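These numbers come from the heavy atoms of this one structure, side chains and all, not from hydrogens, waters or symmetry mates. Model, not experiment: these values are computed from the prediction.
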Amino acid sequence: MRFRARLTDISSIEQFTRVFGTIAKLTQLCVLRISKERMFFILNDKVAKGNLWCELQSMNLCSEYQMEGVAEDADEIYLEITPDDLVRALKTAQSAKSVKIKLTKKFTPCLSLEVELPSRTGHSRVITHDVPVTVIPRRLWSEYKEPKLPDFDVTICMPPLKVLRTVTERMKNLGSYLELSANQSGDMRLGVESEQVTVSTHFRDLENPEWEGTDSQSSQTDPSDMVGAKVDIRKFIHFLSGQQLNPSRIVCSIVDNRIIHFFLLHEDLSIQYSMPVIYS
């Protein structure tokens, strides 16, 4: 079982750092799945923290990428990691000439990051960070498969992140829960309600994309019918503020009063995240 990758392009190093920063905002612990061409960050905890599936086209970011899985018929590696540890290690890579990542065995299995920094004397300096990881045995791999999506009632493209952050930040002191609702006619509504006040913001003329997991034969017969669910408003703000990647597109899919699922797309990266809902 071996893994080695090297990043030499500054934009790739920055992108890699932003990926880990975004993941760290969403979860304290996750599984890193390494395959021949991709890396996946996985969290399956629908009740407490939500469901996360991040897929990174690592071959497009890395100038060198080599891996050898646990067996010929199971050519992958699964590691339990603490994303925040990797974020701290990568803080030294902001002006790096290269970053090398290796799976090593020190006092425990580690992801060793070798950050090569330029020097005024013309000689490079190398800083090494050993980040402990836990190797997931093959018998448990089935627990970390891509989540199967339900038939959604509504799928809609969300407004820009900056707009959503501004709106929800103004609402957070008015109530504990945010109701996010939308329809198949391009309308979305964010609202909070308390004993003293009810406030909502409406967005119109948004795109309703054809998305896998959206059932055109859904129980929703009228495209103008609004469906939605409640979430903890502070968790929603935390989710928005954690998006360091500035995704080109955020698709929101809803099962009425049951599921709010986000699909974020950005260049060689995609993130799926299902946020825990507050059941009425």
Side-chain angles (χ1 to χ4, degrees), residues 19-33 38-56 78 80-81 83 140-159 161 164-165 168 176-184 188-191 206-215 218-220 226-245 247-266 269-280:
V19 169
F20 281 114
T22 296
I23 300 300
K25 289 289 187 179
L26 296 177
T27 178
Q28 296 179 347
L29 196 68
C30 72
V31 168
L32 169 61
R33 171 186 165 193
R38 295 179 177 85
M39 299 173 70
F40 304 84
F41 301 89
I42 308 165
L43 169 70
N44 292 325
D45 190 351
K46 296 181 180 180
V47 176
K49 301 174 184 177
N51 185 293
L52 171 69
W53 178 271
C54 174
E55 184 173 336
L56 178 67
Y78 285 68
E80 188 175 66
I81 64 170
L140 300 179
W141 287 9
S142 60
E143 298 179 13
Y144 303 101
K145 299 299 182 183
E146 183 172 4
K148 184 178 179 180
L149 300 180
D151 293 329
F152 295 116
D153 295 322
V154 166
T155 295
I156 193 167
C157 289
M158 300 188 75
L161 271 176
L164 290 172
R165 289 192 193 114
T168 51
S176 300
Y177 306 116
L178 174 78
E179 182 168 4
L180 193 160
S181 55
N183 63 22
Q184 286 296 120
M188 173 175 282
R189 181 174 65 234
L190 303 177
L206 302 175
E207 180 186 354
N208 293 105
E210 293 290 333
W211 207 256
E212 183 179 355
T214 301
D215 185 4
S218 167
S219 58
Q220 181 195 358
M226 301 291 286
V227 298
K230 289 182 179 180
V231 297
D232 186 304
I233 190 168
R234 297 190 182 276
K235 287 185 177 179
F236 185 71
I237 292 172
H238 189 71
F239 165 72
L240 295 178
S241 63
Q243 303 313 310
Q244 301 178 21
L245 298 164
S248 57
R249 201 180 198 199
I250 303 179
V251 178
C252 176
S253 299
I254 304 172
V255 177
D256 199 27
N257 288 317
R258 286 182 50 212
I259 296 172
I260 293 183
H261 178 274
F262 300 100
F263 206 118
L264 295 83
L265 301 174
H266 182 76
L269 171 75
S270 65
I271 298 178
Q272 296 184 55
Y273 180 62
S274 292
M275 184 172 292
V277 304
I278 309 298
Y279 295 100
S280 301

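The shortest distance between side-chain heavy atoms of Val231 and Pro276 does not fall below 4.5 Å. Met275 places none of its side-chain heavy atoms less than 4.5 Å from the side chain of Leu180. Side-chain contact between Ile254 and Ile259 is absent, with no heavy atoms from C-beta onward closer than 4.5 Å. Within the 4.5 Å cutoff, no side-chain heavy atoms of Cys157 are placed close to those of Ile250. Taking 4.5 Å as the limit, every side-chain heavy atom of Val154 sits out of range of all side-chain heavy atoms of Ser253. Using a 4.5 Å heavy-atom cutoff, the side chains of Val251 and Ile156 are not in contact. The closest side-chain heavy-atom distance from Leu43 to Leu26 is not below 4.5 Å. Taking the side chain as every heavy atom from C-beta outward, Asp232 and Ser176 never approach each other to under 4.5 Å.
To the nearest 0.5 angstrom, Ile278 atom CD1 is 12.0 Å from Asn257 atom CG. With rounding to the nearest 0.5 Å, the separation of OH in Tyr78 from OH in Tyr144 is 10.0 Å. To the nearest 0.5 Å, atom CD1 of residue Ile237 and atom CD1 of residue Ile233 are 5.0 Å apart. Rounded to the nearest 0.5 Å, atoms CG (Leu164) and CZ (Phe239) are 9.5 Å apart. Separation of atoms OH (Tyr177) and NZ (Lys235) is listed at 10.0 Å; rounding is to 0.5 Å.
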- [ ] List the steps, then state whether side chain to side chain contact (heavy atoms under 4.5 Å, CB included) holds for Leu32 with Ile42.
- [x] CA-CA 7 Å; Leu32 169 61; Ile42 308 165; over 6 Å; no
Task: Evaluation steps, side chain to side chain contact (heavy atoms under 4.5 Å, CB included), between Thr22 and Ile271 - done: CA-CA 10 Å; Thr22 296; Ile271 298 178; 4.0 Å; yes
TODO: Assess whether side chain to side chain contact (heavy atoms under 4.5 Å, CB included) is satisfied between Arg33 and Met39, documenting all intermediate values.
DONE: CA-CA 6 Å; Arg33 171 186 165 193; Met39 299 173 70; over 6 Å; no
Open item on the list: Ser270 vs Phe263, test: side chain to side chain contact (heavy atoms under 4.5 Å, CB included). Steps then yes/no.
Closed with: CA-CA 7 Å; Ser270 65; Phe263 206 118; 3.8 Å; yes
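Nearest heavy atom pair, residue Leu29 against residue Ile81, reads CD1-O, 3.3 Å. When every heavy atom of Leu190 is checked against every heavy atom of Leu178, the shortest pair comes out as CB-CD1, 4.0 Å. Residues Met188 and Pro159 come closest through the heavy atom pair SD-CD, 3.9 Å. Closest approach of Cys30 and Pro83 over heavy atoms only: SG-CG, 3.8 Å.
Residues meeting the salt bridge (charged side-chain N to carboxylate O under 4.0 Å, His left out) test with Glu80, sequence neighbours left out: none. Under the salt bridge (charged side-chain N to carboxylate O under 4.0 Å, His left out) criterion, Arg38 pairs with Glu55, sequence neighbours left out. For Ser181, the side chain to side chain contact (heavy atoms under 4.5 Å, CB included) partners two or more places apart in sequence, or in a different chain, are Arg189, Met226. For Glu207, the salt bridge (charged side-chain N to carboxylate O under 4.0 Å, His left out) partners are Arg249, not counting sequence neighbours. In terms of the side chain to side chain contact (heavy atoms under 4.5 Å, CB included) criterion, residue partners of Glu179 (sequence neighbours excluded) are, by chain and number, Lys230. Scored by the ring-ring contact (aromatic ring centres under 6.0 Å, His included) test, Phe20 finds Phe16, Phe41 as partners (sequence neighbours excluded).
Although no hydrogens or angles enter the test, the distance criterion places no donor-acceptor pair under 3.5 Å between the side chain of Asn51 and the main chain of Ser274. Looking only at distances, a side-chain donor or acceptor of Arg165 sits under 3.5 Å from a matching main-chain atom of Leu240. A donor-acceptor contact shorter than 3.5 Å links the side chain of Asn208 to the backbone of Thr155. A donor-acceptor contact shorter than 3.5 Å links the side chain of His238 to the backbone of Lys25. Proximity of a side-chain donor or acceptor of Asp256 to a complementary backbone N or O of Val227 within less than 3.5 Å is not detected.
Aromatic pair His261/Phe152: centroids less than 6.0 angstrom apart.
Ring-plane geometry between Trp53 and Phe40 is classed as tilted, the angle between the planes lying from 30 to 60 degrees on a 0 to 90 degree scale. Classification of the Phe262-Phe236 ring pair by plane angle, with boundaries at 30° and 60°, yields tilted.
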